[in-house]
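To keep things clear, I will list the structure first and then write my remarks on it.
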Amino acid sequence: VSVCPVDVNGNELSTAIQTQLIDYLENQREINFLVNVIPPTYTTINVFCTVQALPTSNPGDVQAAIIANLQTFLSQANWGGGNQFPPVWDPNENIVRYLSVAAVISETPGVDFIVSGSLAIGVAGEGQGGGDIILSGYAPLTMYGTDTTVTVVSG
């Protein structure tokens, strides 16, 4: 049996807490069961886009709102069901869908539309594009990429 624990923020547990967890699980396990505690796999996702703001919106406010929404969407604390109450783990949440990212941006108050051809997503350090990103590793979690660039033009 393998367990991939994280804290409330989706971060790997400290060594001391992992040791406590291992001790607890060892004391609870059945004979001949092996319990492994493994770290999750984090994938940093960058987003690049240009959006047209509504004429009545402040481009700076719209940009800040888009970035906040992307940070929430791609947060390791929220990915895979962590934002549900109580938090759950959905093992099927191993794909960052391009159109889901587009929806997060489009549904931000003040956004009129995403400029055609300007949205690209990708793993940090790799190429950016217009397709889904398949997350690999054990208990894959996303992280918001600090190289994300959101440009907002006045409407």
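- A continuous path of ILVMFWY side-chain contacts below 4.5 Å connects V51 to Y98, so both sit in one hydrophobic cluster.
- Although no hydrogens or angles enter the test, the distance criterion places no donor-acceptor pair under 3.5 Å between the side chain of N9 and the main chain of A77.
- The OG atom of S2 sits 4.5 Å away from the CG atom of N36 when rounded to the nearest 0.5 Å.
- I67 and L54 are assigned to two separate hydrophobic clusters, defined by single-linkage of ILVMFWY side chains at heavy-atom distances under 4.5 Å.
- Among residues two or more places apart in sequence or in another chain, the salt bridge (Lys or Arg N to Asp or Glu O under 4.0 Å) test is passed with D132 by R97.
- With S118 contributing its side chain and T50 its backbone, the two residues share a donor-acceptor pair below 3.5 Å.
- E126 pairs by the side-chain contact (heavy atoms from CB on, under 4.5 Å) definition with V123, not counting sequence neighbours.
- Evaluation of the ring pair (Phe, Tyr, Trp, His ring centres under 6.0 Å) test over residues 35-84, restricted to residues two or more places apart or in two chains, returns F73-W79.
- Residues satisfying the side-chain contact (heavy atoms from CB on, under 4.5 Å) criterion with S14, sequence neighbours excluded, are A16, I17.
- A donor-acceptor pair under 3.5 Å is formed between the side chain of T19 and the backbone N or O of T15.
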Enumerate donor-acceptor pairs with a distance under 3.5 Å from any side-chain N or O in residues 100-115 to protein atoms, sequence neighbours excluded.
from, atom 1, to, atom 2, distance (Å)
S106, OG, A102, O, 3.0
T108, OG1, N69, ND2, 2.9
T108, OG1, V104, O, 2.9
T108, OG1, I105, O, 3.2

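- Hydrophobic cluster membership for I134: I95 (Ile, Leu, Val, Met, Phe, Trp, Tyr linked by side-chain heavy atoms under 4.5 Å, directly or transitively).
- Considering only heavy atoms from C-beta on, V3 stays 4.5 Å or farther from I38 through its side chain.
- The closest donor-acceptor contact from the side chain of Q128 to the backbone of V47 lies at 3.5 Å or more, if one exists at all.
- For the pair V152 and I66, the minimum side-chain heavy-atom distance is below 4.5 Å.
- Sequence neighbours left out, not one pair with a member in residues 136-155 passes salt bridge (charged side-chain N to carboxylate O under 4.0 Å, His left out).
- By the side-chain contact (heavy atoms from CB on, under 4.5 Å) test, A124 pairs with T44, N46, sequence neighbours left out.
- Note that OG1 of T146 and CD of Q71 are 10.0 Å apart. Values are rounded to the nearest 0.5 Å.
- Listed by first and then second residue, the salt bridge (charged side-chain N to carboxylate O under 4.0 Å, His left out) pairs involving residues 58-76 amount to none (not counting sequence neighbours).
- Linking ILVMFWY side-chain heavy atoms closer than 4.5 Å, directly or via other members, places Y24 and L13 in a single hydrophobic cluster.
- Applying the salt bridge (charged side-chain N to carboxylate O under 4.0 Å, His left out) test to residues at least two apart or on different chains, the pairs with a partner in residues 9-36 are E26-R29.
- Taken from OG1 in T149 to CD in Q63, the straight-line distance is 9.0 Å, to the nearest 0.5 Å.
- For the pair L70 and I45, the minimum side-chain heavy-atom distance is 4.5 Å or more.
- Legend: residues meeting side chain to side chain donor-acceptor pair (under 3.5 Å) with Q76, ordered by chain and number and at least two apart, are N11.
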Return all side-chain donor-acceptor pairs below 3.5 angstrom for residues 135-143, not counting sequence neighbours, or 'none' if the list is empty.
from, atom 1, to, atom 2, distance (Å)
T142, OG1, L74, O, 2.8

